[in-house]
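Here the structure comes first, spelled out in structure tokens, and everything after it is commentary.
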Amino acid sequence: MTEIRFWFAPGACSLAPHILLKEVGVASDNIETAISVEGAQFPVGFERINPKMRVPVLSLDGEIITEVPAIATAIAALAPERQLLGRTSLETARVYEWMVWISGSVHGDGFGTLWRPQRYSDDPAAYDGIMRKAREKLTNYYAIIEDRIVGPYALGETFSAVDAYLYVFYRWGNVIGLDLDANYPKFASLGRLLAERPSVAAATAAENIDPHWKL
Ligand SMILES: N[C@@H](CCC(=O)N[C@@H](CS)C(=O)NCC(=O)O)C(=O)O
């Protein structure tokens, strides 16, 4: 049996692969780290596991995999019959189209800028302007998500790895006050649907986090 280790931080983007681990129902040794707007506290020696100093990290029999789309691919391969990367080659292309864009634009460009303005300037006086720009970008990105969700799930009738990933940004959108119900109703419905899903409920319970994160 494959030996699985998984590094995550409660409520971080690692929630997406955590949900997928629950979907495929494999046992894993989960190592919790802490991340907030103030920064991250990784375990001693983490730089040897992931020199990029980020979670999630997945280890499959000692083989280290980083980056959400790659980790999702590895987890999906543990239970191919679940078709988490789509049921047809076109759906698989759509899954990667979503996941690569979410990772690069919504997460890296949008939230990475909003929550880590210090990555873009050494001058604290510049942070407000950088964060304002990030909010502008996120408004655009959430409008694209809303437009592209087929419904009820991202791809249509069936759950895929994209939904696990979007759920992270459903919660983050709530906490930064994007008012999903008013502005992005399809995304809000998807978030509520996902919160009830056993794999999602199991992952949020394991991370001890609010399923919706509305302040
Ligand atoms: N492109 C990476 C991004 C990973 C990432 O940024 N993870 C965040 C948590 S959501 C992190 O570890 N942040 C640590 C920090 O900002 O110091 C991926 O898709 O896995």
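As the structure lists them, so they are numbered: ligands from 1, and atoms in each ligand from 1. Side chains are part of it too, since the values below use all heavy atoms of this structure and drop only hydrogens, waters and symmetry mates.
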Check your understanding: Given K133 and T113, is the side chain to side chain donor-acceptor pair (under 3.5 Å) satisfied, shown in steps?
Key -> CA-CA 8 Å; K133 192 74 201 164; T113 312; over 6 Å; no
Exercise for review: For D123, look at atom CG and say whether over 12 heavy atoms of other residues, nucleotides or ligands are found less than 6.0 Å away.
Suggested key: yes
Under 3.5 Å: N or O atoms of ligand 1 paired with protein N or O:
unit_1   : atom_1 : unit_2 : atom_2 : d
ligand 1 : 1 (N)  : E67    : OE1    : 2.6
ligand 1 : 6 (O)  : R54    : NE     : 3.4
ligand 1 : 7 (N)  : V55    : O      : 2.7
ligand 1 : 12 (O) : V55    : N      : 2.9
ligand 1 : 16 (O) : R116   : NE     : 3.0
ligand 1 : 16 (O) : R116   : NH2    : 3.1
ligand 1 : 16 (O) : R119   : NH2    : 2.9
ligand 1 : 19 (O) : E67    : OE1    : 3.4
ligand 1 : 19 (O) : V68    : N      : 3.2
ligand 1 : 20 (O) : V68    : N      : 3.2

Check your understanding: Please, which pairs that meet ring-ring contact (aromatic ring centres under 6.0 Å, His included) have at least one residue in residues 114-133, sequence neighbours excluded?
Key -> F111-W115, W115-W172
**Study point:** Sequence neighbours excluded, every pair satisfying side-chain hydrogen bond (donor to acceptor under 3.5 Å, both in side chains) that has a member inside residues 184-193
**Key:** D181-R192
Revision key, fill the gap. The complete set of salt bridge (Lys or Arg N to Asp or Glu O under 4.0 Å) pairs with one or both residues in residues 15-31, sequence neighbours excluded, reads R5-D29, E23-R82, E23-R197
Check your understanding: Taking the six-membered ring where the residue is Trp, are the ring centres of H107 and Y165 under 6.0 Å apart?
Key -> no
